[in-house]
Amino acid sequence: MNERQLYYGDNLEVLRKYFRDEAIDLCYIDPPFNSKRNYNQIYNNIGKEDQAQAQAFIDTWTWDTRAIEGLEDICSNRRGILTRQAIELIQGYTKVLGKGSLLAYLVSMTLRVAEIWRVLTRTGSFYLHCDPTCSHYLKLILDSLFCARGGDFRNEIIWYFYNTKK
């Protein structure tokens, strides 16, 4: 790991390949929110609608081979970094939610959060930016990984929007 290195790619692959255990003091992620939308990057939009767009990312999830493999990784604790609580939580989500798009998203996030826990120092901090779409599920995943190991939830930052036109 190089302190001044920028990594491009899927954060799960980057975390697994380039970061050793307990190497990071602060981690912030702003992952997809499971909004069921695709997002595009608009180029050269100066005062009018631009036709030149490129796909930025897809925020739709499907129960596919990748999700199945992720669930198998979690249930078998293949990498040995998950807590019993995290495994049982995902198994419970599977029973309650069924194998669909929401579970595919939660499996993906669980794998990534577990790797983040692995690379954080014991005094490190983790910030997860999410929206109300899945925040309640994600908070339980965080608790099952961090609190089960002595970590502690400190606070929640809430965006407050107000209407100035009254």
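Because only heavy atoms are used, hydrogens play no part in the values below, and waters and symmetry mates are left out as well, while side chains stay in. Note that this is a predicted model, so its numbers are computed, not measured.
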Subject >> Over all atoms of both residues, closest heavy-atom pair of Leu89 and Ser144 >> reply: CD2-OG, 3.9 Å

**OP:** Determine whether Ile116 and Tyr127 fall in the same hydrophobic cluster, where Ile, Leu, Val, Met, Phe, Trp and Tyr are linked whenever their side-chain heavy atoms lie under 4.5 Å apart.
**Re:** no

**OP:** Flag the pair Ile68 / Trp63 as yes when at least one side-chain heavy-atom distance between them is below 4.5 Å, and no otherwise.
**Re:** yes

**OP:** Spell out, yes or no, whether Phe146 and Phe153 are grouped together once hydrophobic residues are joined by side-chain heavy atoms under 4.5 Å, including indirect joins.
**Re:** no

Original post:
Hey, quick one: are Ile29 and Tyr137 part of the same hydrophobic cluster, counting side-chain heavy atoms closer than 4.5 Å, chains of contacts allowed?
Top reply: yes

Subject >> Distance (rounded to the nearest 0.5 Å) between Cys75 SG and Ile90 CD1 >> reply: 8.5 Å

Original post:
Where do Leu111 and Arg16 come nearest, in terms of heavy atoms and distance?
Top reply: CD2-NH2, 4.1 Å

Original post:
Is there a side-chain contact between Tyr93 and Val107 (heavy atoms, below 4.5 Å)?
Top reply: no

**OP:** Apply the test salt bridge (charged side-chain N to carboxylate O under 4.0 Å, His left out) to residues Asp73 and Arg112: give CA-CA distance (whole Å), side-chain angles for both, the deciding distance (0.1 Å), then the verdict.
**Re:** CA-CA 12 Å; Asp73 283 353; Arg112 284 153 178 79; over 6 Å; no

Subject >> Contact check, side chains of Cys27 and Leu120, non-hydrogen atoms, under 4.5 Å >> reply: yes

Subject >> Ion pair check, Arg66 and Asp10, cut-off under 4.0 Å >> reply: yes

Original post:
If we only count heavy atoms from C-beta on, is the Met109 to Leu138 side-chain gap below 4.5 Å?
Top reply: yes

Original post:
Does Ile81 reach the side chain of Leu145, with side-chain heavy atoms less than 4.5 Å apart?
Top reply: no

Original post:
Can you tell me how far CG of Leu103 sits from OG1 of Thr94, rounded to the nearest 0.5 angstrom?
Top reply: 4.5 Å

Original post:
Mind checking whether Leu15 and Tyr7 have side chains closer than 4.5 Å, heavy atoms only?
Top reply: no

Original post:
Is Arg79 positioned over the aromatic face of Trp117, cation under 6.0 angstrom from the ring centre and no more than 45 degrees off axis?
Top reply: no

Subject >> Nearest-0.5 Å distance, CD1 of residue Ile74 to OG1 of residue Thr110 >> reply: 4.5 Å

Original post:
Between Ala104 and Thr62, what is the shortest heavy-atom contact and its length?
Top reply: CB-O, 3.3 Å

Original post:
Mind checking whether Ile141 and Val96 sit in one hydrophobic cluster, side chains of I, L, V, M, F, W, Y counted as touching below 4.5 Å?
Top reply: yes

**OP:** Check whether any side-chain heavy atom of Lys139 sits under 4.5 Å from a side-chain heavy atom of Leu128, and report yes or no.
**Re:** no

Original post:
Between Arg118 and Glu115, is a salt bridge (charged side-chain N to carboxylate O under 4.0 Å, His left out) present by the stated rule, with each step listed?
Top reply: CA-CA 5 Å; Arg118 180 188 63 77; Glu115 289 296 332; 2.7 Å; yes

**OP:** Check whether any side-chain heavy atom of Arg149 lies under 4.5 Å from a side-chain heavy atom of Thr83, and answer yes or no.
**Re:** yes

Original post:
Once you round to the nearest 0.5 Å, how far does CG of Leu102 lie from CG of Leu97?
Top reply: 5.0 Å

